[in-house]
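Read through the structure below, which is laid out as structure tokens, and then see the notes.
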Amino acid sequence: MKYFSVDDQIGIVNNAVLKASMSAIFDSVNQHPEGLFRYKVAKFLGKRKEVYGNYPMGFLYWGLSEYILIYNEKKLISCIGEKIAGMFHSDGNLKYKISVVDQVPMGCCFINMYKLTFDNKYKVAAHYIANYLLGRFETDRILYRCHSNVQLVDTLGMIVPFLCMYSELIGDGKYYKIARNVYDDFLTHANTLTGFPVHGYDTTTGIHLGSSNWGRGLGWYLLAKAYLGDKNDSINSLLSSITYVQFPFQGYSIVDSSVALLCELYKVLISPDYVPNFSQLHSFIRQDGLIDFCTGDTCGFNDYASYYGLGGLANGLYLLLLSKSNV
């Protein structure tokens with residue numbers, strides 16, 4: 001499969017990504033054979049359950065709905081509505097339960113779909129997700145997993161944007177405050193002198209866990225930072241010299257398109273005049289519009305994916321970036 005080059009016109013690339021995002025069928029995890037094999041083994045051993053509406057799907061549909069909303073692509077509203085219709089019962093209620101924070105980004109799509117259609121089922125679904133998070137909120141934390149004593153930076157990327165968007169939708173600052181408390185609590189316990197957050201920490205001992213330079217973890221933190229409007233710019237100087245790999249600043253590391261997209265998205269969100277480095281991003285994008293080189297799911301602390309491939313996460317992040325930038 002051929003990839004776009006730095007010389008390809010941005011309009012051609014963007015149309016290819018949009019078309020692929022609307023038509024492709026993505027797995028709930030990374031499509032690379034090694035990733036699917038590890039996922040299936042974990043399921044067989046009872047260590048992992050099927051999660052409907054998992055975050056790669058959530059970010060894909062959030063990106064699509066954001067693109068439709070920003071660019072007023074009315075002809076696409078019914079298309080995305082048909083794609084997510086299977087998530088709802090005939091009475092408008094969701095067919096599945098929200099049981100993990102990885103399912104929350106789908107709520108960002110529901111909020112956008114309500115703005116686009118004023119169909120109340122989308123607002124009800126967003127309210128259900130917000131209530132789930134409200135029930136999980138304890139002592140300034142919403143832990144990544146129930147009945148756990150560890151907190152992960154992933155939590156910030158999963159829940160903060162949704163809580164900020166929902167707070168704005170219904171005009172209730174309570175949800176923004178919850179997002180801010182979770183964010184501040186994490187930084188209190190898991191920040192480093194460089195400004196890079198560690199992957200996580202033990203809530204009982206306070207011990208830092210996992211990598212302190214995991215690229216996607218940095219991206220989850222930056223996404224939350226931007227949506228909350230955190231003005232602390234101490235990390236921005238480091239971002240000016242970052243390479244978009246799985247583990248920045250450690251020498252050789254595999255390229256990771258999700259790191260590139262999350263970091264570029266952060267730069268746009270904090271500075272609307274910033275022009276993303278689309279020419280560099282084009283090298284990740286196949287000519288069929290699918291975005292490659294997205295690292296697979298992490299299986300645990302210090303057990304990071306050694307593979308990369310296609311996935312809804314990267315396509316969704318690209319559409320978010322496109323929607324937020326002035327191009």
Side-chain angles (χ1 to χ4, degrees), residues 101 139-144 150-165 167-168 173 175-203 205-253 255-277 280-281 295 298 301-302 304 317 320-321 324-326:
V101 298
T139 59
D140 293 334
R141 290 183 185 133
I142 296 175
L143 292 176
Y144 184 68
V150 296
Q151 178 64 302
L152 277 66
V153 70
D154 309 54
T155 306
L156 303 185
M158 297 298 114
I159 72 170
V160 168
F162 169 78
L163 285 169
C164 292
M165 291 172 66
S167 180
E168 181 181 5
Y175 296 94
Y176 175 88
K177 185 177 180 181
I178 290 173
R180 184 77 203 205
N181 287 352
V182 172
Y183 174 84
D184 288 343
D185 177 76
F186 186 87
L187 293 189
T188 297
H189 294 89
N191 208 0
T192 65
L193 292 176
T194 64
F196 271 57
V198 296
H199 189 168
Y201 67 94
D202 186 300
T203 60
T205 64
I207 293 175
H208 286 179
L209 303 171
S211 169
S212 61
N213 67 324
W214 178 40
R216 189 178 296 173
L218 169 66
W220 294 143
Y221 157 65
L222 292 176
L223 187 61
K225 181 179 185 295
Y227 266 83
L228 287 168
D230 182 356
K231 301 300 184 183
N232 186 340
D233 60 358
S234 60
I235 197 171
N236 291 352
S237 59
L238 280 174
L239 292 179
S240 64
S241 59
I242 194 173
T243 52
Y244 294 144
V245 295
Q246 187 180 26
F247 297 103
F249 303 109
Q250 73 167 36
Y252 175 77
S253 184
V255 170
D256 190 341
S257 58
S258 69
V259 176
L261 290 163
L262 283 164
C263 288
E264 289 293 301
L265 179 58
Y266 167 75
K267 293 176 183 179
V268 165
L269 289 171
I270 65 168
S271 179
D273 294 330
Y274 174 76
V275 179
N277 189 354
Q280 180 182 2
L281 297 175
T295 53
T298 298
F301 291 117
N302 300 315
Y304 299 93
L317 287 173
L320 279 174
L321 177 63
K324 300 297 185 181
S325 57
N326 294 319

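Each residue takes its place number in the sequence, starting with 1.
Side-chain polar atoms of S211 and N213 form a donor-acceptor pair below 3.5 angstrom. Donor-acceptor pairing under 3.5 Å is lacking for the side chains of Y176 and E168. Side chain to side chain, R216 and T295 meet the donor-acceptor criterion of an N or O pair below 3.5 Å.
In summary, of the residues considered (Y144, W214, W220, F247), a ring-ring contact (aromatic ring centres under 6.0 Å, His included) with H199 occurs for W214 alone.
Note: T205 OG1 to H189 NE2 = 10.5 Å, rounded to the nearest 0.5 Å. Atom-to-atom distance recorded for Q250:CD and S212:OG is 9.5 Å, nearest 0.5 angstrom. To the nearest 0.5 angstrom, D185 atom CG is 4.5 Å from R141 atom CZ. L317 contributes atom CG, which lies 10.5 Å from atom CG of L281 (distance to the nearest 0.5 angstrom). Of the inter-residue distances, the one linking T243 atom OG1 with D256 atom CG reads 11.0 Å to the nearest 0.5 angstrom. With values rounded to the nearest 0.5 angstrom, K225 atom NZ is found 6.0 Å from N232 atom CG.
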| Does the side-chain contact (heavy atoms from CB on, under 4.5 Å) test come out yes or no for F186 and Y201, once each step is laid out? | CA-CA 9 Å; F186 186 87; Y201 67 94; 3.9 Å; yes

| Between I142 and I178, does a side-chain contact (heavy atoms from CB on, under 4.5 Å) hold up when you go through it step by step? | CA-CA 9 Å; I142 296 175; I178 290 173; 4.0 Å; yes

| field | Stepwise side-chain contact (heavy atoms from CB on, under 4.5 Å) check, L239 with L218 | value | CA-CA 10 Å; L239 292 179; L218 169 66; 4.0 Å; yes

| request: Dump the intermediate steps for side-chain contact (heavy atoms from CB on, under 4.5 Å) on N236 and Y266, then the final yes or no. | output: CA-CA 10 Å; N236 291 352; Y266 167 75; 2.9 Å; yes

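Between V245 and V259, every side-chain heavy-atom pair lies at or beyond the 4.5 Å cut-off. The closest side-chain heavy-atom distance from Y183 to I159 is not below 4.5 Å. A heavy-atom distance below 4.5 Å is found between the side chains of D230 and R180. Residues T155 and L143 are not in side-chain contact: their nearest non-hydrogen atoms beyond the backbone lie 4.5 Å or more apart. A heavy-atom distance below 4.5 Å is found between the side chains of L223 and L265. Residues F196 and I235 have side chains in contact (heavy-atom distance under 4.5 Å, counting atoms from C-beta outward). Contact annotation: the side chain of T188 never approaches that of D140 to less than 4.5 Å [non-hydrogen atoms, C-beta and beyond]. No side-chain heavy atom of D154 sits under 4.5 Å from any side-chain heavy atom of V101.
Of all heavy-atom pairs spanning D202 and V150, the tightest one is CA-CG1, 4.3 Å. Taking both residues in full, the closest heavy atoms of G195 and Y221 are given as O-CE2, 3.9 Å, listed atom of the first, atom of the second, then distance. Across every non-hydrogen atom of V153 and V198, the tightest pair is CB-O, 3.9 Å. Closest of all the heavy-atom pairs between C263 and I242 is SG-CD1, 4.3 Å. Heavy-atom minimum distance, I270 versus A226: CG2-CB, 4.2 Å. Residues A179 and V160 come closest through the heavy atom pair O-CG2, 4.1 Å.
Every residue two or more places apart in sequence or in another chain that forms a side chain to side chain donor-acceptor pair (under 3.5 Å) with N277 is listed here: S279, Q280.
Looking only at distances, a side-chain donor or acceptor of S241 sits under 3.5 Å from a matching main-chain atom of L238.
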